[in-house]
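In what follows, a structure is listed as structure tokens, so that the remarks can point back to it.
The figures that follow rest on heavy atoms only: side chains count, while hydrogens, waters and symmetry mates do not. What you are looking at is a predicted structure, and each value in this text was computed from that prediction instead of being measured.
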Amino acid sequence: MMDSTLLDVMVVCEDGQARRPELTMAVDVATRSITAAVPEPASDPYADSLIGDK
């Protein structure tokens, strides 16, 4: 199972802009183990709809 959520913190990105990061996690349902966790700057939902990512 995979899920993504915005975190309730602000971070300063490489370009100097403050943004809320998004955390994407993969969980093994059988063992309830976290198999991957990737924090990254949240993307712009409008831009994602233009390129069809989400």
Side-chain angles (χ1 to χ4, degrees):
M1 174 176 77
M2 289 184 67
D3 191 25
S4 296
T5 189
L6 284 175
L7 299 178
D8 290 331
V9 297
M10 296 295 286
V11 297
V12 178
C13 296
E14 293 176 354
D15 61 4
Q17 297 288 323
R19 296 191 184 111
R20 288 178 63 189
E22 181 176 53
L23 179 63
T24 301
M25 297 178 66
V27 178
D28 180 345
V29 177
T31 63
R32 297 181 180 172
S33 300
I34 297 172
T35 57
V38 180
E40 58 188 356
S43 58
D44 181 0
Y46 178 71
D48 287 343
S49 66
L50 291 176
I51 58 176
D53 281 351
K54 292 190 179 186

Joint hydrophobic cluster, I34 plus M2, side-chain heavy atoms closer than 4.5 Å = no
query = Going by the salt bridge (charged side-chain N to carboxylate O under 4.0 Å, His left out) test, which pairs reach into residues 24-41, not counting sequence neighbours?
reply = none
V9 side chain reached by P21 side chain, heavy atoms, under 4.5 Å = yes
inquiry  = So, taking the atom named CD in E22 and the one named CG in L7, what distance separates them when rounded to the nearest 0.5 Å?
reply    = 8.5 Å
inquiry  = Test of understanding: clusters of I, L, V, M, F, W, Y form through side-chain heavy atoms closer than 4.5 Å, transitively. Do V12 and L6 belong to the same one?
reply    = no
note = Applying side chain to side chain donor-acceptor pair (under 3.5 Å) to D15 and not counting sequence neighbours gives R19
inquiry  = Restricting to side chain to side chain contact (heavy atoms under 4.5 Å, CB included), what partner residues turn up for D8, sequence neighbours left out?
reply    = R20
